[in-house]
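Worksheet: the structure to be examined is printed underneath.
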Amino acid sequence: MSKVVIANWKMNPQTLAEAEDLFQASSGAIVCPPFIYLEELSKIRSGVILGSQDISPEFSGEILRRLGVKYVIIGHSDRRWGLGESDEVVNQKLKLVLKHELAPVVCLGEKSRDRDFEKFLQSQTVATFAGLPVDEIQKCLIVYEPVWAISTSLGAQPDTPESALESIKIIKEVLSSNFYILNSNFLYGGSVTSANAKDFLSLDEISGVLVGQASLDREEFKKILGIAKNV
Ligand code: PGA
């Protein structure tokens, strides 16, 4: 599969006109805009695949499907840590995404790289995928996104490719021993820019990147898309 680039716009940009402009410039990406722009952006034919930043029983998967949404981010650190979403809630959302035949983008990652981080990743992985059969888990794009590496603008530093691979290996081992999954697609997220995208995207073990801040700058994001195409 060619490398995947997902834009997580969070609560940006400030106007619909800016959102339309940025959307049109993001051809080749999966773009997850704020909910309030989904309807208008779904009318634009731009070579962009539409994604959603969340799902919930209150925000119907049917509506997302009707809007042409194909991918849904769940377990993002803003929700796990900012809004206190437990692994159980993320697991329920994952099941909901699959029930509506949407493709899950499942974020996993430790809050700090302390001596317990391996155990933390193991238990987060087990709880996030609990009760799901092999074929459903294989539909997921799994994003390793260490919380401490998110938001360059707030002074975070990206993980290094080597240590991201170490964490991906830990998650893979859990998926293989607990869920019998031998093949899955892993993405990296956390302060990805055009300066470091190649380091991650050129690795065989990494199928793509999830980009926050840098996806809001059209020139910067175009560079990342170009790198993804050419690795
Ligand atoms: P960042 O955000 O690229 O700005 O670090 C990534 C994310 O939160 O998904």
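Only heavy atoms go into these numbers, but all of them, side chains included; no hydrogens, no water, no symmetry mates. All ligand and atom numbering here is 1-based and tracks the order in the structure. As the structure is a prediction and not an experimental result, all values here were calculated from the model.
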Requested in this report: Under 4.0 Å from a heavy atom of Ser151: give me the atoms of ligand 1 that qualify, with their elements.
Outcome: 1 (P), 4 (O), 5 (O)
Requested in this report: Kindly compute the distance separating SG (Cys140) from CG (Leu94), expressed to the nearest 0.5 Å.
Outcome: 5.0 Å
Query - Whether Ser191 lies under 4.0 Å from ligand 1, heavy atom - result: yes
Query - Over 12 non-hydrogen atoms of neighbours within 6.0 angstrom of CG in Asn183 - result: no
Query raised in the report: Can a non-hydrogen atom of Ala214 be found less than 4.0 Å from any atom of ligand 1?
Result: no
**Report entry** Spacing of Leu165 atom CG and Glu162 atom CD [to the nearest 0.5 Å]
**Finding:** 7.0 Å
Report task. Under 4.0 Å from a heavy atom of Gln213: give me the atoms of ligand 1 that qualify, with their elements. Result -> 1 (P), 3 (O), 4 (O)
Report task. Quickly, which of Leu201, Ile227, Val209 forms a side chain to side chain contact (heavy atoms under 4.5 Å, CB included) with Lys3? Name it, please. Result -> Leu201
Query raised in the report: Given the rule in the side chain to side chain donor-acceptor pair (under 3.5 Å) test, do Ser194 and Glu220 qualify, once you have shown the distances and angles that lead to the verdict?
Result: CA-CA 6 Å; Ser194 64; Glu220 172 69 357; 2.9 Å; yes
Report summary line: For Lys10, the ligand 1 atoms with a heavy-atom partner under 4.0 Å come out as 2 (O), 7 (C), 8 (O)
Requested in this report: Any atoms of ligand 1 less than 4.0 Å from a non-hydrogen atom of Asn8? List them with their elements.
Outcome: 9 (O)
